[in-house]
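Values reported hereafter were calculated over all heavy atoms of this structure, with side chains retained and with hydrogens, waters and symmetry mates removed.
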Amino acid sequence: MLDSRWFKAAGVAVAITLASATAAHAAPAPEPAAESTAAVVTLRYDDSRAGGWEAAIAAGVASWNANVGNVKLVEAAPGARAEIQIVATSGWPQATLGPVRPGGQARVELGSQAVTQGHNKTRIAAHELGHSLGLPDTKPGPCSQLMSGSSAGTSCTNAVPNAAERSRVESAYAGGLASRAPADGRILVDAP
């Protein structure tokens with residue numbers, strides 16, 4: 001008569017053998033999906049004090065988001081902290097020179113004096129946001145350079161960064177963080 005322990009041991013041995021045989025013939029495990037090497041930095045903006053500029057800000061933000069892959073500008077929820085404070089003023093547009101980092105602080109002033117003189121609101125908004133992302137003025141410059149600002153003249157409506165401007169911002173935010181160097185912090189005024 002066989003002991004019940006023998007049946008248990010034999011059952012375990014059979015189970016191990018079957019598991020090994022099944023594993024040997026099973027399809028190989030799928031390769032892990034390649035992870036993106038470019039981390040995206042999200043910067044929040046607050047435009048609650050920029051009345052009259054909402055459409056221009058939305059278009060300027062959309063331009064940067066469509067043209068730079070590793071930085072995304074998003075509107076901050078009411079009461080949430082924002083890295084970029086956008087306000088409407090009566091003077092000339094101006095902004096803090098970045099690159100602003102997550103948790104940092106930059107200010108953009110969208111001045112109506114430039115609009116009164118005929119400059120395009122969307123170009124102004126995109127240009128001033130470019131300062132927050134670390135781009136200085138390139139004056140004088142052609143309309144094809146967003147950072148040429150007012151020097152391109154009142155007929156210029158280009159609100160899209162060119163290849164060099166896009167590359168510079170992407171470099172500043174490479175690896176998922178803003179440049180290790182602190183933001184410049186200078187205020188750049190876009191007066192002619």
Side-chain angles (χ1 to χ4, degrees), residues 36-47 50 53-76 82-88 92-102 104-111 114-115 118-192:
S36 172
T37 57
V40 176
V41 174
T42 300
L43 299 172
R44 295 172 307 267
Y45 67 91
D46 175 1
D47 64 353
W53 287 84
E54 295 86 356
I57 294 166
V61 164
S63 177
W64 280 108
N65 286 345
N67 286 286
V68 180
N70 63 350
V71 180
K72 290 297 173 207
L73 301 171
V74 298
E75 189 170 2
E83 286 84 9
I84 304 171
Q85 297 292 320
I86 306 174
V87 298
W92 275 94
Q94 55 186 297
T96 308
L97 180 58
V100 66
R101 293 182 246 183
Q105 190 71 44
R107 181 176 171 93
V108 168
E109 294 184 12
L110 300 175
V115 176
H119 293 279
N120 179 271
K121 284 177 112 174
T122 300
R123 179 171 168 83
I124 293 168
H127 173 91
E128 299 306 326
L129 287 167
H131 287 318
S132 296
L133 297 174
L135 298 177
D137 287 314
T138 55
K139 294 180 181 182
C143 182
S144 61
Q145 291 178 336
L146 176 60
M147 301 314 292
S148 67
S150 62
S151 73
T154 57
S155 64
C156 180
T157 61
N158 173 41
V160 178
N162 67 20
E165 293 164 333
R166 292 189 301 264
S167 177
R168 189 163 175 183
V169 169
E170 292 215 351
S171 291
Y173 291 91
L177 297 173
S179 148
R180 294 197 188 279
D184 186 300
R186 285 181 290 156
I187 303 298
L188 302 180
V189 179
D190 196 34

Just how far is it from atom CZ of R166 to atom CG of L135, taken to the nearest 0.5 Å?
-> 11.5 Å
If you take all heavy atoms of P93 and I124, which pair is closest and at what distance?
-> CG-CG2, 3.6 Å
Mind checking the OG1-CD spacing from T96 to Q85? Nearest 0.5 Å is all I need.
-> 10.5 Å
Any idea which heavy atoms bring A88 and W53 closest together, and the distance?
-> CB-CD1, 3.7 Å
To the nearest 0.5 Å, tell me how far N158 CG sits from N120 CG.
-> 9.5 Å
Going from OH on Y173 to CG on L43, what distance comes out if it is rounded to the nearest 0.5 angstrom?
-> 5.0 Å
In this structure, OG of S63 is separated from CG of L146 (nearest 0.5 Å) by 7.0 Å
Check whether any side-chain heavy atom of H127 lies under 4.5 Å from a side-chain heavy atom of M147, and answer yes or no.
-> yes
Less than 4.5 Å apart, any side-chain heavy atom of E83 and any of Y45?
-> no
Got a second to check how far N67's CG is from E170's CD, nearest 0.5 Å?
-> 9.5 Å
L73 to V61 - nearest heavy-atom pair and separation = O-CG1, 3.7 Å
Flag, side chain of S171 to backbone of S167, donor-acceptor distance under 3.5 Å = yes
Could you tell me whether the side chains of S148 and R123 share a donor-acceptor contact shorter than 3.5 Å?
-> yes
Side-chain contact, heavy-atom cut-off 4.5 Å: H131 with V108?
-> no
Kindly give the heavy-atom pair with the smallest separation between K72 and N65, and that separation in Å.
-> NZ-O, 2.6 Å
For W92 and A114, which heavy atoms make the closest approach, and how far apart are they?
-> CZ3-CB, 3.3 Å
Taking every non-hydrogen atom, the tightest pair across L110 and E128 = CD2-CG, 4.1 Å
